[in-house]
Number of protein chains: 4
Amino acid sequence: MKDKKLSRREREKLRQRQEMLAAALELFSEKGYHNVSMHEIAERAEFAIGTLYKFFKNKEDLYKSLIKEQADRFHEALTKALEEADDEREKLRNYVKAKGSVFIENAPVIRLYFAETRGASFNIKAGLDSEIRERYERFLHTLALVFESGIKRKRFQKIAEPYQLAVALDSICNAFLFLWLEDPKSHPYPEDPDIILNILFKGLLND
Amino acid sequence: MKDKKLSRREREKLRQRQEMLAAALELFSEKGYHNVSMHEIAERAEFAIGTLYKFFKNKEDLYKSLIKEQADRFHEALTKALEEADDEREKLRNYVKAKGSVFIENAPVIRLYFAETRGASFNIKAGLDSEIRERYERFLHTLALVFESGIKRKRFQKIAEPYQLAVALDSICNAFLFLWLEDPKSHPYPEDPDIILNILFKGLLND
Amino acid sequence: MKDKKLSRREREKLRQRQEMLAAALELFSEKGYHNVSMHEIAERAEFAIGTLYKFFKNKEDLYKSLIKEQADRFHEALTKALEEADDEREKLRNYVKAKGSVFIENAPVIRLYFAETRGASFNIKAGLDSEIRERYERFLHTLALVFESGIKRKRFQKIAEPYQLAVALDSICNAFLFLWLEDPKSHPYPEDPDIILNILFKGLLND
Amino acid sequence: MKDKKLSRREREKLRQRQEMLAAALELFSEKGYHNVSMHEIAERAEFAIGTLYKFFKNKEDLYKSLIKEQADRFHEALTKALEEADDEREKLRNYVKAKGSVFIENAPVIRLYFAETRGASFNIKAGLDSEIRERYERFLHTLALVFESGIKRKRFQKIAEPYQLAVALDSICNAFLFLWLEDPKSHPYPEDPDIILNILFKGLLND
DNA sequence: GATGAATGAGTTTTCATTCAT
DNA sequence: GATGAATGAAAACTCATTCAT
C-alpha cells in the first residue's frame, strides 16, 4: 500500500540506489570486496563518486546493504516455500526446489552470500556478518521445525536431532549448488527435489 | 629418499620457510588476507621484509603456498583415513572421524580452507583457487569410489550417484564443523561418526 | 538616510544575510575556517546551500564579509571611544575600556579577529587580510594621533614615537584580553583602565 | 656528549627529518596548514610521500613536531638570554635583543609560532596547542620572576603585577616584531633594546 | 527565486615491492 | 645473502560549487 505512495523523487532515488547496488554486486562477485574500488563502482553505475557516498556512508555500508538486501530476498523466498504446503515432505520438496531456483537465478550473489553465511567472511573487518548469520540461523530453526513436526507426527524417523537434519539438508543443497556453480553442465541442480531428499529419506544401508 | 639428502643449508631454509608460513597463517586467520600486510608477516616471523620476498615472489604467492600446504596436509590425512580399513562403512567412519580431528586441531586454518574450497575466495584476484579446487575435486572422487565400491558390493543402496553421495557426506561434515566452529559448546562435533553417517544410512522415511 | 529607503524585499534580504553570517560566525569560531563546510553553514542558518551561494560568491567571500563586518564594528566602537573626550588621557582611558567591553561582549569573534589582524591568517589563501590589516593600520594611526597630541601639548613625555606608543598600548590590551580569554577567572580584564595605562604612564624605574 | 655518538645511519636520518621539516615549514608559512598537501611537502623535500609517512605518522604529527621544535629553540634562546646577566635591567635588555634576533632570523616561523601561542590556532583540531601554550606560559613566569626580583630589590617600582609586566613586555616586543614583519624598512626592530624597555621604564606622564 | 542533488578534483594515507648497502 | 629504507601507485573519502527543476 504505502509503497505506492512514493513520490516521483523518491522512486527515482530508489532506482538510483538499485543501480548502484547492481553495479556493486556485479563487481564484488567478479573480483571480491577488496579488489573493487569505490571509483570502479561509481563508474560502472554511471554516477559520480560523490553521489555514491550520498547513498552509502562508506564502502562497508554499501557492502552490508547489498548483502542484507539479497539475504532478505533469499530467506523470504525460502521461508515462503516452507509455508506453501501442509505435508512436511512437501514442504521440504518446496524448499529444495525454491533454494535451487532462487540461487540459480541469482548466481552472481551466491558466492557473496556463502562468504557471509558459511565460509569465511574475511572481506570485511568484523561484525558485519553477525546480522546475516543470525538471520540464517533463524531460518535453520524454521527448517528444523519442519523436521520436528514430521518426527512428532511419525512421518519421519528420528535419525538425528531436527536442527542437525536441517543443517544436513541445507548443506547438501548448498553442495549441489556449488557443483552447479562450478560446472553447470556436468553438475546440473536436480529438477526433481527427491534426488536430494532421498539422500536423507532412503537409508543408504542394505539391511 | 631424496628428502633426506637435504644439506644443512637447505634444512635451515626449509625451517625459515615454515616459520614464515606459520606467522602468515596466524595473521591471515586472525584478520583475513587483505587486512594483513607483508610487513606484519615479516615482523611476526622475525625476518626482514626482503627475506620474505626471497622466499615468496609476492603476497599472493605466499598465500597460495600457505593454503596449498595446508590443503595437502588435510587431504593426505583424509585420504589415509579412507585407506585404513577394508570395509566401506569403516572407511567412511574413519573419514568422518579424521575430518573432525584434523579440522578441530587446525581450527584457525579452517576458515581459510573453506574460503578456498567451498565458499568464496574473494581474497585473491582469481585463479588461485583452481589448483586447490582441483585437489579437492580429486579427493571427492576418491571418496566417491568408496560409495561406488559399497554399492557394487551390495553393501549400500544406490540412493544417488556415488559422487553425489560423496559431496553430500562431505558437506554434512563441513556443516557440523561450522556449527562447532561458531559455538563449540552447544554444537560439539559428534564423537561417534555414526551420528553423522546415519543421516545417510538410515532412511528418514517411515515406510 | 538612504538606509531607511530599503524596500521590504531588501530588508528581508539583509536579514537573511545576517542570519547566514551569524551561523557562519558561530561555526568558524567553534571549529576554524577549514573545519567548517558550506553545507554546515547552510544547515545551521536554515537555508539551502544554493541560497548561500546567492549571497556569497564562495566560501572565502563569505569569510571575508564576516570578518570585515566584525572588524568594522570594532573599529567604529574604538574610534568613537577616542572621540568621546577632549583630554588625551581620558581618550586613552575610554579606549582601554571600550576595547575590553567590545571584545568581551564578542568573545567568539576575538580569535578570528586576532587571527586576521595580528597573528597568522592561515585560514585562507592569502591577500584576504590586506583590507583588514589596512583598516587596523588606519586605526593605529588614529590612536597615534592621540599620543602625538598629548606630547605636543606637553601632557606626555615623548618616551617613544607616537605610532610605537599606539602599537604598544594596543598590544598590551590585546595581551590582557588573551589572558582573560584563556582563563577569565584568574585573569580578569581590569575594570580600571589605569591599571593598563599605568604600565605606560608610570615609569618602571626607580630613579 | 651522547649527541656525538650518533651513527652515520642515525645522523642521516636526522638530516632527512630536518629536510622534511624545513620543506614543511616553508610551505606552511607560505600557505597555511590546510592549504598544503602532504604530497606538496614530500615534493618540496624531494622525498617520496611514503618516506614522509615513515618519519611522521600523519600530517598533524608533522605539524606538531615542527611547531614544538621551533618553540623549543625560541624558548631556550630566550631563557638563556635571561640567565646571562645578574642585573635585572640587563636581563631584560638581553631578552629584548634575543627576541629580536631569534625572531628575525626565523621570520618564516614567526607567523606559525604566533598562531599557536597567541592568536588563533584553528589549523588543527584541538589539543595541539595546549603543550605549546603551556611552554609559553612557563616562559612568561620565568620572565615575571625577573620583574619580581627587580621590584623586591627596589630597582623597579611595582607599577603592576610582575606577571602582567611580563605579559606587557612580551606583547610589546611581539607588536614591534609584527611591524617589522609587515614592513621591515619603515619599521625596523630597534637595535637598542632601551627603545622598547623605556616604554615601560620611563613613565609617560609629565608630572 | 530558492532548492539540494549531483559532481569530481583533490586530500590523506597505506602497503606491496624494489634495490642499494 | 640478508636487510629495511625508500618508493609511488592506488585507495577511501570530502566538500566547494554548479545547475536543472
Side-chain angles (χ1 to χ4, degrees), chain A residues 8-10 12-13 16 20 33-43 45-63, chain B residues 9 12-13 16 33-43 46-63, chain C residues 9 12-13 16 33-43 46-63, chain D residues 8-10 12-13 16 20 33-43 45-63:
Chain A
R8 197 178 51 70
R9 178 61 68 71
E10 285 167 319
E12 175 63 9
K13 277 220 144 202
Q16 291 182 328
M20 287 172 189
Y33 183 79
H34 281 286
N35 300 312
V36 171
S37 77
M38 291 297 266
H39 264 103
E40 243 176 315
I41 298 173
E43 203 169 6
E46 299 186 286
F47 287 99
I49 180 85
T51 311
L52 203 56
Y53 277 91
K54 283 276 191 300
F55 283 82
F56 305 97
K57 80 173 197 289
N58 54 36
K59 194 181 176 185
E60 194 166 327
D61 181 40
L62 166 56
Y63 183 74
Chain B
R9 172 67 59 79
E12 175 61 10
K13 282 228 146 205
Q16 291 184 330
Y33 184 78
H34 281 286
N35 300 315
V36 171
S37 75
M38 289 298 266
H39 264 102
E40 243 175 316
I41 297 173
E43 203 170 6
E46 300 187 285
F47 286 100
I49 181 87
T51 313
L52 205 57
Y53 275 90
K54 285 275 189 293
F55 283 79
F56 306 97
K57 79 172 200 287
N58 55 34
K59 192 182 177 185
E60 193 166 327
D61 181 40
L62 166 56
Y63 183 74
Chain C
R9 173 67 59 79
E12 175 62 10
K13 283 229 147 204
Q16 290 184 331
Y33 183 78
H34 281 285
N35 300 314
V36 170
S37 75
M38 289 297 266
H39 263 102
E40 243 175 315
I41 298 173
E43 203 169 6
E46 298 186 289
F47 287 99
I49 181 86
T51 312
L52 204 56
Y53 276 88
K54 285 275 188 295
F55 283 79
F56 306 97
K57 79 173 198 287
N58 54 34
K59 193 182 176 185
E60 195 167 325
D61 180 41
L62 167 56
Y63 183 75
Chain D
R8 199 179 51 70
R9 179 60 66 71
E10 283 166 319
E12 175 63 8
K13 277 220 142 200
Q16 290 183 329
M20 287 173 188
Y33 183 79
H34 281 286
N35 299 313
V36 171
S37 76
M38 289 299 265
H39 266 104
E40 242 174 317
I41 298 173
E43 204 169 5
E46 299 187 286
F47 287 100
I49 179 85
T51 310
L52 203 56
Y53 276 91
K54 283 275 189 300
F55 283 82
F56 306 97
K57 77 174 201 287
N58 53 36
K59 192 182 176 184
E60 194 166 327
D61 180 41
L62 167 57
Y63 183 74

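Note that the structure is a prediction, hence the values are computed from the model and not measured. These values consider heavy atoms only, across backbone and side chains, with no hydrogens, waters or symmetry-generated copies.
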### Task
Go ahead and name the base partner of E/dT7; Watson-Crick or wobble counts if both distances stay under 3.5 Å, otherwise write none.
F/dA16

### Task
Measure from the side-chain heavy atoms of D/F47 and tell me the nearest of E/dT12, F/dC13, F/dT7.
F/dT7

### Message
Does any part of the side chain of D/N58, heavy atoms only, come nearer than 4.5 Å to the side chain of D/M38, both counted from C-beta?
### Response
no

### Query
Tell me, do C/L52 and C/F47 make a side-chain contact under 4.5 Å, heavy atoms counted?
no

### Task
May I have the distance from D/H39 (atom NE2) to F/dT7 (atom C1'), rounded to whole angstrom?
11 Å

### Task
Figure out the OH/C1' separation between B/Y53 and F/dT7, and round it to whole Å.
13 Å

### Task
Rounded off to whole Å, could you give me the NZ-to-P distance for the D/K59 and E/dT14 pair?
15 Å

### Exercise: identify the closest heavy-atom pair between D/D61 and D/F56
OD2-CA, 3.4 Å

### Query
Which sits closer to the 5' end of DNA chain E, D/E40 or B/K57, going by the nucleotide each is nearest to?
D/E40

### Message
Rounded to whole Å, please give me the gap between CD in B/E60 and P in E/dC15.
### Response
17 Å

### Query
Between F/dC15, F/dC13, E/dT13, which nucleotide gets closest to the side-chain atoms of A/I49?
F/dC13

### Query
Between F/dT14 atom P and D/M38 atom CE, what is the distance in whole Å?
19 Å

### Query
CD of C/E46: more than 12 outside heavy atoms within 6.0 angstrom?
no

### Task
Give one of base, sugar-phosphate or nothing for A/K54, where a contact means two heavy atoms less than 4.0 Å apart.
base

### Query
How do C/S37 and B/K13 order along DNA chain F: which one's closest nucleotide is nearer the 5' end?
B/K13

### Task
Could you check whether D/Q16 gets within reach of a base, just the sugar-phosphate, or nothing at all, counting any heavy atom under 4.0 Å?
sugar-phosphate

### Atom-pair distance (CD1 on C/I41; C1' on E/dG4), nearest Å
16 Å

### Task
Specify the separation, in whole Å, of atom CG of C/N58 and atom P of F/dC15.
17 Å

## Note on the structure
Whole-Å distance, A/F55 CZ to E/dT7 P, equals 10 Å

### Message
Using a 4.0 Å heavy-atom cut-off, does C/T51 contact any base of the nucleic acid, only the sugar-phosphate backbone, or nothing at all?
### Response
base

### Task
Look through every strand shown and name the nucleotide pairing with F/dA2 as Watson-Crick or G-U wobble, where both distances are under 3.5 Å.
E/dT21

### Message
Please determine whether the number of non-hydrogen atoms from other residues, nucleotides or ligands lying under 6.0 Å from atom CD of B/E43 exceeds 12.
### Response
no

